[in-house]
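Reviewing the structure listed below.
When reading the values below, keep in mind they use all heavy atoms of this one structure, side chains included, and skip hydrogens, waters and symmetry mates. Just so it is clear, the structure is predicted and the values come from calculations on it, not from any experiment. A note on names: the letters A, B, ... follow the listed sequences, proteins ahead of strands, and every chain is numbered from 1.
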Protein chains: 2
Amino acid sequence: MDNWDDLRYFQAVAEAGSLNGACKKLGVNHSTVFRRVKGLEEKLGVRLFERRDARYILTGAGEALLGRTGQVASAIDEVDRLIVGGDQALEGTIRITAPDGFAYYYLPPLIAEFGALYPGIEIQLLANSDDLNLSRLEADIALRVTSNPPEHLVGRKLWSMPWNLYGSPQFFSGSIGRFGIKQLASYPLLGPERNLLRLKPMQWLEKHVDKLNISARANTLMGMAALARSGIGLALLPADVAEGLQELGPTERRFESGIWLLTHPDLRSNARVRTFMQFLTERLMP
Amino acid sequence: MDNWDDLRYFQAVAEAGSLNGACKKLGVNHSTVFRRVKGLEEKLGVRLFERRDARYILTGAGEALLGRTGQVASAIDEVDRLIVGGDQALEGTIRITAPDGFAYYYLPPLIAEFGALYPGIEIQLLANSDDLNLSRLEADIALRVTSNPPEHLVGRKLWSMPWNLYGSPQFFSGSIGRFGIKQLASYPLLGPERNLLRLKPMQWLEKHVDKLNISARANTLMGMAALARSGIGLALLPADVAEGLQELGPTERRFESGIWLLTHPDLRSNARVRTFMQFLTERLMP
DNA sequence: ACAGATGTTTGCATTATTGCAAATATGGTT
DNA sequence: AACCATATTTGCAATAATGCAAACATCTGT
């Protein structure tokens, strides 16, 4: 897309249903809209509108495109709202990103509760599988599992998440004692892949365990948990993704990750964000 | 925002960290980028960059803006991907929208499971409280609770969701028999508000129950469920939001809502969407 | 100190976009 | 039929955006 503004014209026409309506809404001339839309269709090589009965009617491709431009438009609305000022109204959108485990097990009931308290606020829950995309905050609030949060974000540590070895209940139905490295080596294990290798507990695992014992690998913690649930082997996991799994006693070395609730410095003055962060802190702090 | 394309320039500079890098990436002239960014800052009335050490460094406001433009950019990436063609790769984003109850209780485990199967696909879960924003599909897939789905969408009915009267377990710990309208009238009730009034079961409730019996109201089903959980009264709810509540026997008139899994006709050829819809259908069909 | 890279600013020529007007077509309404 | 609203298309003038060049400032690294 070489010119984002074309989409603005497209959307105006799609919503107005006619060139005339669109050009009034946009405050520009008749022919400008015509030429823009025509140009966009040529650039994309797709017909976006059916010209029937002196009306602009979306084609199928147009419908699909409108869905996406709707996303663009609402993102830009948020830009406007952000810029205008403090944004003190308790209405609008909050985007929160969290690792899979939190996104799927811990947060939903809290979001539901918050939604009942503040019906005007729409929460978007973005589940992160890679867990490490810290360069840019594409959400307003981030729940992160890390030992050292990035400096340009502000927030607080809520608690620590312990890591343990987990397996399916069927997998290990006998006497469960204390596990050392040697005992560990006698069971099939699940290993990390790709970006999971960056996590310290995983590095420890790679270092101390014979690779021949690894029976399967996954590139997300949820994936490893799923493998473990299916009974393939034992997995070293943080407690939040271990739903439905049985803990098999602590390893000699005990791992913990810090749970941080983070946001941009500038969003601390935003009423929605402040309210929601406070709410989450109250509910999640031990 | 009078020109969406300004954000493209802003983002290029922010990512490149310098004018020079940005102008190369954009394929335009030095001064053009300079004038655009300057113009944007003037239009917004906010400094977006600190010019220090011959580098463009984001200010706080710039950081916040970058978060939002990141959303815009990824939405536009999806536009590009959509246009290119069939979009047969099992990588990218799927946006699914569902009523609160489904979004918070039913879908998360399924999404987690799907995510383990297809790590390249990122699922965005958009919870809808209003339930009736059907005019445009701002998601790729919609799980809707309705008796008559809109004609321009395609999909299938998965099953029926029964409505019942619910209360907190503490609220009613005695002999629970069959409820008729007369018995109903002797208990405090929770009522609908605003757009909830459009739902048929709610209209029935409003019609047959004395308004003086309504002890509280909410404008979302999750809100009503939350009120009920707190013991304020009985609520007429679909089963999916009644987590933690006790069913108090069917009403004389039994209500059911159809659960539909819907998408745009054009997205049926999209491999991601097709795969995910098939997965959901298999898991959710009775 | 020096070279090299980048940012800032300006003037001007070139190009692209837009506004305007006009002519034509289409379809619906009265 | 007459009228109205809208779309389509074109030519031209006005305006805006861009490319180019140049000059100067600032910082980096050697």
Task: OP1 or OP2 of D:dA5 under 4.0 Å from side-chain N/O of A:Asn20 - done: no

Open item on the list: Could you tell me if B:Thr146 and B:Trp260 have a donor-acceptor pair between their side chains, going purely by distance under 3.5 Å?
Closed with: no

Task: d(NZ, A:Lys38; C1', D:dA7) in whole Å - done: 12 Å

Open item on the list: Any base atoms under 4.0 Å from A:Tyr56, or only sugar-phosphate, or nothing? Heavy atoms, all strands.
Closed with: sugar-phosphate

TODO: Spell out, as yes or no, whether a donor-acceptor pair under 3.5 Å connects the side chain of A:Asp6 to the backbone of A:Leu40.
DONE: no

Task: Sidechain-backbone polar pair: B:Thr69 side chain, B:Gln11 backbone, donor-acceptor under 3.5 Å - done: no

TODO: Please report, rounded to the nearest Å, how far the P atom of D:dT6 is from the CG atom of A:Leu19.
DONE: 10 Å

Task: B/S/- contact track for nucleotides 11-30 of chain D, protein heavy atom under 4.0 Å - done: B------BBBB-----S---

- [ ] Mark yes or no for whether A:Thr220, through its side chain, and A:Gly223, through its backbone, hold a donor-acceptor pair below 3.5 Å.
- [x] yes

TODO: Check the distance between D:dA7's P and A:Glu41's CD and give it to me in whole angstrom.
DONE: 13 Å

- [ ] Using atom types as modelled and distance alone, determine if a side-chain donor or acceptor of B:Asn219 lies under 3.5 Å from a backbone N or O of B:Glu193.
- [x] no

Task: Whole angstrom value for the distance that separates C1' of C:dT24 from CZ of A:Phe34 - done: 13 Å

TODO: For DNA chain D, determine which residues of residues 42-51 of chain B have any heavy atom closer than 4.0 angstrom to one of its atoms, and list them numerically.
DONE: none

Open item on the list: Let me check the geometry of the helix from C:dA1-D:dT30 to C:dT30-D:dA1. What is the bend angle between the axes at its two ends, five pairs each, to 10°?
Closed with: 40°

- [ ] Verify side-chain contact (heavy atoms from CB on, under 4.5 Å) between A:Asp5 and A:Arg36, making sure each step is shown before the conclusion.
- [x] CA-CA 10 Å; A:Asp5 214 38; A:Arg36 284 270 212 166; 3.6 Å; yes

Open item on the list: Checking side-chain polar atoms at under 3.5 Å, does B:Thr93 have a donor or acceptor matched by the opposite partner on B:Gln124?
Closed with: no

Task: Mutual orientation of the aromatic rings belonging to A:Trp204 and A:Phe255 [parallel < 30°, tilted 30-60°, perpendicular > 60°] - done: perpendicular

- [ ] Report yes or no: do A:Asn20 and A:Ser18 form a side-chain donor-acceptor pair below 3.5 Å?
- [x] no

Task: Qualifying residue, where the test is side-chain contact (heavy atoms from CB on, under 4.5 Å) with A:Ile121 and the options are A:Ile94, A:Val273, A:Thr275 - done: A:Ile94

Open item on the list: Is it the case that the ring center of A:Phe279 lies less than 6.0 angstrom away from the ring center of A:Tyr118?
Closed with: no

